[in-house]
2 protein chains.
Amino acid sequence: MSGTRIPEATVARLPVYLRALNSMSESGTTTCSSLELATAAGVNSAKLRKDLSHLGSYGTRGVGYDVEYLRYQISREIGLTQDWPVVVVGIGNLGHALANYSGFSSRGFRTVALLDADTARHGDVVAGIEIRGFDELEAVVAEHGVGIGVIATPAVAAQDVADRMVAVGIRSILNFAPTILSLPEGVDVRRVDLSSELQILAYHEQRKSSAPATVAEVVADLGQPVGGVR
Amino acid sequence: MSGTRIPEATVARLPVYLRALNSMSESGTTTCSSLELATAAGVNSAKLRKDLSHLGSYGTRGVGYDVEYLRYQISREIGLTQDWPVVVVGIGNLGHALANYSGFSSRGFRTVALLDADTARHGDVVAGIEIRGFDELEAVVAEHGVGIGVIATPAVAAQDVADRMVAVGIRSILNFAPTILSLPEGVDVRRVDLSSELQILAYHEQRKSSAPATVAEVVADLGQPVGGVR
DNA sequence: TAGATTGTTAATCGATTAACAATC
DNA sequence: TAGATTGTTAATCGATTAACAATC
């Protein structure tokens with residue numbers, strides 16, 4: 001299985017499985033079935049097994065999965081057994097939150113620098129790291145071999161920051177600024193858009209409030225066919 | 001078209017189109033083609049037209065789309081022409097960032113309360129709103145008719161906060177805590193997981209670094225068939 | 001062995017894309 | 001009218017799901 005391309009939808013769920021396994025491990029669970037892990041991760045067990053089958057055969061029929069072993073295998077597949085130096089640009093409230101966020105400093109990821117264009121912030125220490133000028137980006141990337149950049153600047157600055165990141169060799173960007181970046185092929189960008197998430201919730205909330213207009217919609221809402229309805 | 005169920009993938013992209021239209025509007029653009037809007041939104045034009053076709057026929061053949069009109073139609077479809085009172089629970093660095101984030105206070109959404117279990121924070125004013133106790137959740141929800149709750153607490157508190165939100169009538173939750181919530185049917189949860197996003201980037205970054213193993217992978221990376229390659 | 005549970009198959013479902021007729 | 005561009009069709013692609021043979 002190793003070397004096979006893993007479907008994007010599966011890749012996006014691996015971190016969720018990993019999180020569920022971590023919490024099982026913390027609570028002392030040594031073995032779990034696909035149903036237990038799937039429930040903890042909020043998916044159905046068929047999907048979980050299908051997803052895991054893309055990584056290899058790491059379970060035991062009739063028994064289930066060894067929590068530690070599966071945890072290791074998923075970590076390895078994602079690449080968390082390596083060290084990923086990360087640079088965060090834009091140290092406002094969000095940047096502070098990111099710097100302090102355990103997920104960023106935890107196993108696998110290491111925040112090597114916090115950069116901000118505002119000289120008034122330089123020298124401030126956040127999460128044990130001193131804030132430096134944005135003009136030190138190139139030196140930081142070269143020194144630590146940074147491949148992943150996080151943008152937490154205001155929207156107006158984001159494209160410039162991204163362009164500069166790409167110019168100094170960063171090829172993966174996590175963008176929190178509410179703007180759509182335009183970047184060359186080969187650069188991977190993921191956008192975390194707080195307002196989009198709210199808007200998607202609002203759309204569904206709106207649908208809940210208004211009464212469904214047709215029998216077809218009621219049936220669709222129930223999620224299963226209703227016998228005898230014409 | 002109105003009343004038709006809109007595919008989830010389309011719903012998730014409507015906020016992106018809206019953002020692109022907003023920035024066109026700001027820069028004085030009054031009309032755009034599907035290709036222009038698609039480029040600004042980072043999708044291809046066929047997908048954009050297909051998506052918009054689920055809302056209705058708001059363009060003019062041979063001409064394109066009226067920016068303001070399309071902006072209004074998408075806003076209406078999402079439900080942004082209504083007022084959505086929102087409560088944020090957990091006012092640490094992330095909660096601060098959210099409270100100050102323009103996307104949360106902008107058109108459509110209105111932060112009506114900031115709640116925190118830590119009494120030391122009570123009375124602090126963030127983004128013009130005074131932080132109150134978590135025990136005031138029920139009163140706040142009842143008073144303002146809150147339907148959407150945002151969780152920005154530490155992971156350990158998130159499930160309790162979510163249970164309480166559901167108990168007082170909230171049916172849509174945006175969860176920033178790094179934990180998987182277990183909630184009853186009918187409650188809509190969206191999770192924003194910073195560490196998942198980093199992990200997904202790491203997976204792809206890893207793939208970039210290691211040399212592709214087969215010609216098939218090289219061809220797949222190029223994203224198009226390569227003439228003459230055997 | 002009998003019971004349990006995985007890994008895989010195959011069918012279904014939904015999303016994407018290219019192409020083009022409709023039409024401004 | 002001629003040129004441009006939408007909205008829709010149909011084909012393709014990828015993801016989900018149920019069912020079950022393999023096997024511990």
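These numbers were taken from a predicted model, which means no experiment stands behind them. In what follows, chains are A, B, ... by sequence order, proteins preceding strands, each numbered from 1.
A donor-acceptor contact shorter than 3.5 Å links the side chain of Q206(A) to the backbone of I78(B). Although no hydrogens or angles enter the test, the distance criterion places no donor-acceptor pair under 3.5 Å between the side chain of W84(B) and the main chain of L201(A).
For R61(B) against dT5(D), no side-chain N or O and base N or O form a donor-acceptor pair under 3.5 Å.
Under the side-chain hydrogen bond (donor to acceptor under 3.5 Å, both in side chains) rule, H204(B) has a single partner from R190(A), E8(A), R171(A), which is E8(A).
Rounded to a whole Å, the CG atom of L52(A) is 11 Å from the P atom of dT8(C). One atom, CG of L55(A), and another, P of dT6(C), lie 15 Å apart when rounded to the nearest Å. When the P atom of dA15(C) is taken as reference, atom CD of E8(A) falls 17 Å away, rounded to whole Å. Distance CZ (R49(A)) to P (dA21(D)): 15 Å, rounded to an integer number of Å. Y58(A) places its OH atom 12 Å from the P atom of dT8(C), with the value rounded to the nearest Å. Spacing between atom CG of D51(B) and atom P of dA15(C) amounts to 10 Å, rounded to whole angstrom units. In this structure, L48(B) places its CG atom 15 Å from C1' of dA15(C), rounding to the nearest Å. Between K50(B) atom NZ and dA11(D) atom P there is a gap of 13 Å when expressed in whole angstrom units.
Summarising the geometry, atom CZ belonging to R207(B) is positioned 13.0 Å from atom CG belonging to D188(A); distances are rounded to the nearest 0.5 Å. Expressed to the nearest 0.5 Å, how far CD1 of I74(B) lies from CZ of R13(B) amounts to 12.0 Å. Rounded to the nearest 0.5 Å, atoms CG (L94(A)) and OH (Y101(B)) are 9.5 Å apart.
Here D66(A) does not pair with R71(A) in a salt bridge; the nearest charged N to carboxylate O distance is not below 4.0 Å.
Using a 4.0 Å cut-off on heavy atoms, the residues of residues 33-42 of chain B that approach DNA chain D are S33(B), S34(B), listed by number. Near DNA chain D, meaning a heavy atom under 4.0 Å from it, residues 62-72 of chain A has G62(A) in order of number.
Between R13(A) and the phosphate of dT16(D), there is a side-chain N or O to OP1/OP2 separation shorter than 4.0 Å.
Sorted by first and then second residue, the side-chain hydrogen bond (donor to acceptor under 3.5 Å, both in side chains) pairs with a member in residues 176-187 of chain B form an empty list; sequence neighbours excluded. Sorted by first and then second residue, the side-chain hydrogen bond (donor to acceptor under 3.5 Å, both in side chains) pairs involving residues 146-170 of chain B (not counting sequence neighbours) are Q159(B)-D163(B).
Residue contacts for A46(B): at a heavy-atom cut-off of 4.0 Å it reaches a base atom on one of the strands shown.
Among residues two or more places apart in sequence or in another chain, the side-chain contact (heavy atoms from CB on, under 4.5 Å) test is passed with V187(A) by V166(A), I173(A), L183(A), P184(A), V189(A).
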Original post:
Which dot-bracket notation, 5' to 3', represents the base pairing of DNA chain C when pairs are defined as Watson-Crick or G-U with both distances under 3.5 Å, crossing pairs as [ ], and inter-strand pairs as |?
Top reply: ..||||||||||||||||||||||
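Across dT16(C), dA15(D), dG7(D), the shortest atom-to-atom separation from the side chain of K47(B) is found for dT16(C).
In this structure, the ring of Y69(A) has its center less than 6.0 angstrom from the ring center of Y58(A).
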**OP:** Please report the C-alpha distance between L194(A) and V192(A) in whole Å, then the side-chain angles of each, then the deciding distance to 0.1 Å, and finally whether the side-chain contact (heavy atoms from CB on, under 4.5 Å) criterion is met.
**Re:** CA-CA 6 Å; L194(A) 317 180; V192(A) 175; 4.1 Å; yes
